[in-house]
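One structure is given here, and the rest of the page talks about it.
Note that this is a predicted model, so its numbers are computed, not measured.
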Amino acid sequence: MSDQPTLAEIKERREIATRKIREETGIDNDMIKNIVHGFYAKVRDDAMLGPVFAEKITDWDHHLERMCMFWASVALASGAYDGRPMQKHLTLRIDRNHFDRWLELFAETLSEYCETAAARHFMERALRIASSFEIGIAAHNGVILGKGERYDPVSAWSPK
């Protein structure tokens, strides 16, 4: 006999976790869709982030659909998203300032679409994602960040 859970047991655990999150936060798929669409509307209009996204995304409908699946997986433990988001971000020319702006717009969007418990739940995850991506992008560019350090290649540069 194996100590590994069966697929049915894993599915049941996921459903229980998702149900508990929904009950505690009020998060549902409609809320996720509103947040994703509201957030990316802000991103597209943003002077700093808009050009970064415009350079990479040509099919916004597809991107928004994927982001709804991503956030359903992140916020509700739904398992809806199966991509590798870090890989898609490694080559972007972004730094700590972009992540700070991303988080600022995300927090602003959360305040428009959800109550405190849901906003806190989303923001905790967004902060972890931003930190992870910032560390990954820095490492991809040969910079190993120490605890508490941020990726800022421009301000760290000095002439020789």
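The distance between the ring centers of Y151 and F99 does not fall below 6.0 angstrom.
Annotation for E115: atom CD does not count as buried by contact number, only 12 or fewer foreign heavy atoms lying within 6.0 Å.
Note that CG of L64 is 8.0 Å distant from CD1 of I57, once rounded to the nearest 0.5 Å. Of the inter-residue distances, the one linking L103 atom CG with H98 atom NE2 reads 13.0 Å to the nearest 0.5 angstrom. For the atom pair CD of E12 and CD1 of I10, the computed distance is 11.5 Å after rounding to the nearest 0.5 Å. Going from atom CD of E112 over to atom NZ of K42 covers 3.5 Å, rounded to the nearest 0.5 Å. Atom NE2 of residue H140 and atom CZ of residue F133 lie 13.5 Å apart, to the nearest 0.5 angstrom.
A salt bridge links D82 with R66; the closest basic N to acidic carboxylate O contact falls under 4.0 Å. Ionic pairing of D46 and R101 is present here: one or more N-O contacts between side-chain nitrogen and carboxylate oxygen are shorter than 4.0 angstrom. Classification of R150 and D95 as a salt-bridged pair fails, no side-chain N sitting under 4.0 Å from a carboxylate O. Taking 4.0 Å as the cut-off between side-chain N and carboxylate O, E24 and K20 count as a salt-bridged pair.
Taking both residues in full, the closest heavy atoms of I21 and A75 are given as CG2-O, 3.3 Å, listed atom of the first, atom of the second, then distance. For the residue pair A80 and S73, the shortest heavy atom distance occurs at N-OG, 2.8 Å. In terms of heavy atoms, C68 sits closest to K33 at SG-CA, 3.8 Å. The shortest non-hydrogen separation linking E149 to I144 is OE1-O, 3.9 Å. Listed here is the closest heavy atom pair of G38 and Y113: CA-OH, 4.0 Å.
Counting only heavy atoms from C-beta outward, the side chains of F39 and E108 never approach each other to under 4.5 Å. Using a 4.5 Å cut-off on side-chain heavy atoms (C-beta onward), I137 and T91 make no contact. You'll find the side chain of L49 reaches within 4.5 Å of the side chain of W102, heavy atoms only. Using a 4.5 Å heavy-atom threshold, the side chains of Y40 and F53 count as touching.
The closest donor-acceptor contact from the side chain of E65 to the backbone of H62 lies at 3.5 Å or more, if one exists at all. Formation of a donor-acceptor pair under 3.5 Å by the T109 side chain with backbone atoms of L105 is found in this model. Put simply, the side chain of T18 gets close to the backbone of L76: a donor and an acceptor are under 3.5 Å apart. Using modelled atom types, no side-chain atom of S132 and backbone atom of R128 make a donor-acceptor pair closer than 3.5 Å. Between the E124 side chain and the H121 main chain, no donor and acceptor come within less than 3.5 Å of each other. S78 places a side-chain N or O within 3.5 Å of a backbone atom of A72 that can act as its donor or acceptor partner.
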Inset, instruction - Go through the steps to decide whether I27 and C114 satisfy the test side-chain contact (heavy atoms from CB on, under 4.5 Å), and finish with yes or no. - result: CA-CA 8 Å; I27 296 171; C114 50; over 6 Å; no
Inset, instruction - Apply side-chain contact (heavy atoms from CB on, under 4.5 Å) to the pair I32 and F122, showing each step before the final yes or no. - result: CA-CA 10 Å; I32 291 168; F122 277 109; 3.9 Å; yes
Legend entry - Residue pair M123, F106: steps toward the side-chain contact (heavy atoms from CB on, under 4.5 Å) verdict: CA-CA 8 Å; M123 202 62 199; F106 196 71; 4.0 Å; yes
Legend entry - Residue pair N29, R22: steps toward the side-chain contact (heavy atoms from CB on, under 4.5 Å) verdict: CA-CA 10 Å; N29 289 329; R22 287 179 190 274; 4.0 Å; yes
